[in-house]
Amino acid sequence: MSRSRARLAGVVAAAAAFTVGCSPPGDGREQDVRDPRPLSASLVTSVADTGRLRQREEAAVADCMARRGYTYVPQRVKVNERAVTTNPYGLLREEQARRDGYGAVGEILGGPGRNVAVAARHSVGWTQALEGTRRKKYALPTGVVLTYRPDGCVYQGREAAYGPGWNRLEYELEGLQAAVMDRVERDGRYKKALASWSACMRKRGHPYDDLQDPRRELAGAIGRTGGKDRALRALGRRELRTAADDYACERDARLHEAVYEAQRSAQNSLLDSSARADIRRYRALKRSALARKASIPVKPR
């Protein structure tokens, strides 16, 4: 499985999981540096709008559960700002590299912010109503096979919050995004720029071949700190130095521009009229959901 397909599987599996972020995105002074996002950033939503949309989803799930005779308390929405603003290719922004690095140590120091598994505190019937019992599989064009339960209130709540067909539309566009990223990573312009970035990083003492290598190395180093604050802060300083070198090498290799050009070619090839119509529909449904007033959950029967 390619890296972008693996990322897609992770995105789908964690679609409803949000944690606390603490570092702001760039301050807008880097407009001369491209920040390429697949599908013209159609799947990207601001931090504020992500929070509002999640609140609407939670309210819709509560409505669904109430109609089945169960009480569901809408979960507190905790939007992971890093997850929302991070470039999917792993490209850095100057301000991000300078202040937050890769966000790895900052995420730990900012607190775990993990959501408690709400189903564990309730009856089997409540859990089945929430999650559903009827399994269905859906194969994306990328080859990723998703398993979902259309009879659950999680699924049906999202349909109610955005509109009929939302879940499948989002899955399809996530699959299309993964296909675009696959194509970019195979593009000769990207490979050439990545090789230049790798050579630059090696000169600076970082033997990396892939943009995700620094993140993988940090993940291992975090585990070796034992969670000790002093060790984490020392690692955080190292992270910032590495990220600064990373960004400098990305600019030296013109990696942002290479990704942008490769992505434009990939999208011209992959996005037919049907896909472009799906993107327009996705945007329209999201705008409509944001404009709609949040519902007041009904009481259980």
Side-chain angles (χ1 to χ4, degrees), residues 1-15 17 25-26 33-46 50 80 82-93 96-97 102-104 138-146 167-198 201 208-216 219 243 246-247 249-251 253-272 274-283 286:
M1 179 182 289
S2 69
R3 288 189 302 275
S4 56
R5 290 183 185 178
R7 282 194 296 267
L8 169 63
V11 166
V12 173
V33 178
R34 295 190 182 279
D35 184 28
R37 308 288 179 121
L39 311 186
S40 302
S42 296
L43 301 188
V44 178
T45 307
S46 71
T50 297
N80 186 329
R82 291 185 180 93
V84 173
T85 60
T86 296
N87 183 281
Y89 295 101
L91 298 170
L92 295 172
R93 301 181 307 276
Q96 170 195 8
Y102 304 98
Y138 176 58
L140 296 173
T142 58
V144 175
V145 177
L146 304 177
N167 286 288
R168 191 156 185 166
L169 177 63
E170 186 171 53
Y171 295 156
E172 288 176 349
L173 291 183
E174 286 171 346
L176 185 57
Q177 173 175 279
V180 168
M181 294 177 69
D182 273 350
R183 187 73 62 90
V184 168
E185 291 174 352
R186 295 197 304 268
D187 189 284
R189 290 164 292 190
Y190 172 79
K191 289 182 176 181
K192 181 178 179 181
L194 185 64
S196 296
W197 169 85
S198 178
M201 289 293 279
Y208 302 141
D209 297 316
D210 183 272
L211 288 175
Q212 299 304 322
D213 283 348
R215 295 166 174 84
R216 283 189 283 266
D246 188 341
Y247 178 77
C249 287
E250 287 178 21
R251 299 307 304 129
R254 296 186 61 80
L255 194 51
H256 297 74
E257 291 79 3
V259 170
Y260 176 83
E261 294 299 333
Q263 179 180 278
R264 184 167 61 176
S265 296
Q267 292 183 170
N268 286 339
S269 174
L270 292 171
L271 301 189
D272 57 16
S274 177
R276 294 181 190 279
D278 283 345
I279 292 172
R280 290 193 296 271
R281 181 168 171 252
Y282 179 87
R283 288 172 168 167
K286 190 181 286 186

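- Of the possible polar contacts, none joining the Asn268 side chain to the Ser265 backbone as a donor-acceptor pair under 3.5 Å is found.
- Atom OH of Tyr260 is separated from atom CG of Leu91 by 14.0 Å, given to the nearest 0.5 angstrom.
- The two residues Arg183 and Leu270 have their closest heavy-atom pair at NH2-CD2, 3.1 Å.
- The backbone N or O of Leu169 sits nowhere less than 3.5 Å from a side-chain atom of Asp278 that would complete a donor-acceptor pair.
- Rounded to the nearest 0.5 Å, atoms CG (Leu194) and CG (Asp210) are 6.5 Å apart.
- For the 3.5 Å distance criterion, the side chains of Gln96 and Tyr247 fail to qualify, holding no donor opposite an acceptor.
- At least one donor-acceptor pair closer than 3.5 Å links the side chain of Glu250 to the backbone N or O of Leu92.
- Rounded to the nearest 0.5 angstrom, Glu172 CD and Arg168 CZ are separated by 6.0 Å.
- Here the side chains of Pro38 and Leu176 are not in contact, with every heavy-atom distance at 4.5 Å or above.
- The closest side-chain heavy-atom distance from Leu271 to Ile279 is below 4.5 Å.
- Heavy-atom minimum distance, Asp209 versus Ser198: OD1-OG, 3.5 Å.
- In summary, of the residues considered (Gln263, Arg37, His256, Gln212), a side-chain contact (heavy atoms from CB on, under 4.5 Å) with Tyr89 occurs for Gln263 alone.
- The distance from the OH atom of Tyr190 to the CD atom of Glu185 is 5.0 Å, given to the nearest 0.5 Å.
- Remark: Thr86 OG1 to Arg215 CZ distance equals 7.5 Å, nearest 0.5 Å.
- Summarising the geometry of Met181 relative to Pro88, their closest heavy-atom pair is CE-O, 3.3 Å, with the distance given to 0.1 Å.
- Residues Ser196 and Arg254 fail the side-chain proximity criterion, which asks for heavy atoms closer than 4.5 Å.
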- Task: Show your reasoning for whether side chain to side chain contact (heavy atoms under 4.5 Å, CB included) applies to Gln177 and Ser42.
- Result: CA-CA 10 Å; Gln177 173 175 279; Ser42 296; over 6 Å; no
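- A donor and an acceptor atom, one from each side chain of Asp246 and Tyr102, are located under 3.5 Å apart.
- Heavy atoms only, all atoms of each residue included: Thr45 and Val84 are closest at O-CG1, 2.9 Å.
- Closest heavy-atom contact between Arg216 and Asp213: NH2-OD1, 2.6 Å.
- Going from atom CG of Leu173 over to atom CG of Leu39 covers 6.5 Å, rounded to the nearest 0.5 Å.
- Between Leu255 and Ala193 the shortest heavy-atom distance is CD1-CB, 3.5 Å.
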